There are 2 protein chains.
Amino acid sequence: MKTRSKDTRSHILEVGRSLTARQGYVGVGLSELLKAADVPKGSFYHYFRSKEDYGCALLEDFVAQYQQSLADTLGNKELPARNRFLGYFEGWLEKQIGPSLQDRCLVVKLSAEVAELSPDMSRILQEGVNSILSSLTETLEQGISDGSIAPLDDPHSLAQSIYYQWLGASLVAGLSHDDAPLKATMEATREAVPAP
Amino acid sequence: MKTRSKDTRSHILEVGRSLTARQGYVGVGLSELLKAADVPKGSFYHYFRSKEDYGCALLEDFVAQYQQSLADTLGNKELPARNRFLGYFEGWLEKQIGPSLQDRCLVVKLSAEVAELSPDMSRILQEGVNSILSSLTETLEQGISDGSIAPLDDPHSLAQSIYYQWLGASLVAGLSHDDAPLKATMEATREAVPAP
DNA sequence: ATAGCCGCTAGACGACTGGTCTAATCGTAC
DNA sequence: GTACGATTAGACCAGTCGTCTAGCGGCTAT
């Protein structure tokens, strides 16, 4: 085994992520995964208890990284909160357009598949969603405070509406490999978050 | 073979629908499907050229039925258009709550899975989405005409926003088996479609 | 009636992949 | 060089999709 920058476990998860972002969870078999990662099949059960255990690790990894990038984007206190909020969705738009399926949102890709398959994986995604919604709500509140967003009745409801809309738009955009639904949603988002 | 109310092909599709609504497309193997349908394996390839051909038939069937029920709900000219519009989403809410996964929306369940798997299946779902969006837009326009909905800048954008929001909310609701996201979306929908 | 026909069924079979496990090997520390 | 944990090879079998042949059973035409 050649030396690898990261340890084998992380390496498997990294390769798994890019494969899974394209083909789904069930759609990536262990053989394919391990071949792509250049890890012998026998090693798998040294690093993970089962495929589901691996799936959970994959999602935990994803959620953790996502939260980090969320903190970077939404937490940058230099910008007015409204810009940070819109910037988050601009980033989403760009990721979905780019050809690197690698970075696509696993909530969109895996939620439906995992829902009736693995309670553990569902829970991890669920918690990721909640944490994103909290961050978005908080940013809206900051925007009201800093004056970049006009006062709102219920920031949490708005954050929820917008986030769900992006999930749905991504689903449809994936079907047609066309970013029009996302661009329309970007426009709708701008209008839904009024500057004062 | 006992007499069956419908022909075998339709029967396979019907059983396939309920299995697929729960387990996804890849998640239902031919053996499981045919065993559940009590149809011998040899028959499958008499009715379908391949599993993908069956998948397309499944989706075409679903889309056709969906369009029918859409016409029934949105086309009922007795009611003001706003009531018909909101009624459609109330129906969605009820279906998702009920334990009969059978009736759940296959756009939500299969879009992500099918996107990178089968262009044909993707196209059928895509066309279903477009047709739903057209019907919703049309109903909004009728509402503006009949006075049940206050004038809107762009009915199509609004229909799109609302529909995407429901897709996303359904995805998340499935994760937690909790209808809160859908109820919140129902409320948001009511507010987004203002009576004059 | 009966012969012929054909839509449909039965289910074995092949080539392959799925996730899992045990037994053996490797690498390092003493 | 022995001990011992970390790592791997590859067997394992249930299950995958898809194919194929044999023949049932119910029509129709004569």
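Treat the numbers as computed from the prediction; the structure is a model and nothing was measured. Letters A, B, ... are given to chains in the order of the sequence lines, protein chains preceding strands, and every chain is numbered from 1.
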Exercise. Under the side chain to side chain contact (heavy atoms under 4.5 Å, CB included) test, which residues partner S122(A), sequence neighbours left out?
Worked result: V114(A), L175(B)

For this session: Could you state the atom-to-atom distance from OH of Y54(A) to C1' of dT20(C) in whole Å?
Result: 16 Å

For this session: Determine, for K109(B) against E116(A), whether the closest basic-nitrogen to carboxylate-oxygen distance falls under 4.0 angstrom.
Result: no

Seminar exercise, completed: Rounded to whole Å, CG of L34(A) lies from C1' of dA9(D) at a distance of 13 Å

Problem set entry | Derivation of the ring-ring contact (aromatic ring centres under 6.0 Å, His included) call for F44(B) and Y54(B) | CA-CA 9 Å; F44(B) 185 84; Y54(B) 145 82; 5.7 Å; yes

Seminar exercise, completed: For Q126(A), the side-chain hydrogen bond (donor to acceptor under 3.5 Å, both in side chains) test, sequence neighbours excluded, returns N130(A), S176(B)

For this session: Could you tell me the separation between the NE2 atom of H46(A) and the C1' atom of dT20(C), rounded to a whole number of Å?
Result: 16 Å

Problem set entry | Close approaches to DNA chain C from residues 25-33 of chain A, in residue order (heavy atom, under 4.0 Å) | G29(A), L30(A), S31(A)

Problem set entry | Qualifying ring-ring contact (aromatic ring centres under 6.0 Å, His included) pairs, either residue in residues 60-79 of chain B, two or more places apart | F62(B)-Y66(B)

For this session: Enumerate the residues from residues 111-119 of chain B whose closest heavy atom to DNA chain D is under 4.0 Å, giving them by residue number; use none for an empty result.
Result: none

N/O contacts under 3.5 Å, protein versus nucleotides 22-24 of chain D?
none

Exercise. Which residues pass the side chain to side chain contact (heavy atoms under 4.5 Å, CB included) test with E141(A), sequence neighbours left out?
Worked result: T137(A), P155(A)

Problem set entry | Under 4.0 angstrom between Y45(B) side-chain N/O and dG18(D) OP1 or OP2 | yes

Exercise. Whole-Å distance between dC8(C) C1' and I12(B) CD1?
Worked result: 11 Å

For this session: Just grab all the ring-ring contact (aromatic ring centres under 6.0 Å, His included) pairs involving residues 84-142 of chain A, residues at least two apart or on different chains.
Result: F85(A)-F89(A), F89(A)-W166(A), W92(A)-Y163(A), W92(A)-W166(A)

Exercise. With sequence neighbours left out, what residues match V15(A) under side chain to side chain contact (heavy atoms under 4.5 Å, CB included)?
Worked result: H11(A), L19(A), L33(A), A36(A), A37(A)

For this session: Would you indicate what F44(B) reaches in the nucleic acid, counting non-hydrogen atoms under 4.0 angstrom: base, sugar-phosphate, or nothing?
Result: nothing

Problem set entry | Nearest-nucleotide pick for Y47(B), side chain only, options being dG19(C), dC8(C), dT19(D) | dC8(C)

Exercise. D53(B) has an atom CG; how far is it from atom P of dG18(D), in whole Å?
Worked result: 10 Å

Exercise. Salt-bridged, E187(A) to K183(A), with N to O below 4.0 Å?
Worked result: no

Anything under 3.5 Å between a protein N or O and an N or O of nucleotides 11-14 of chain C, put it in a table, one pair a line.
{"unit_1": "dG11(C)", "atom_1": "N7", "unit_2": "G42(B)", "atom_2": "N", "d": "3.2"}
{"unit_1": "dG11(C)", "atom_1": "O6", "unit_2": "G42(B)", "atom_2": "N", "d": "3.4"}

Problem set entry | Residues in side chain to side chain contact (heavy atoms under 4.5 Å, CB included) contact with S134(B), at least two apart in sequence or another chain | none

For this session: Could you work out which one of dT9(C), dA6(D), dG18(D) sits closest to the side chain of S50(B)?
Result: dG18(D)

For this session: For D103(B), check salt bridge (charged side-chain N to carboxylate O under 4.0 Å, His left out) against everything at least two apart and list the hits.
Result: none

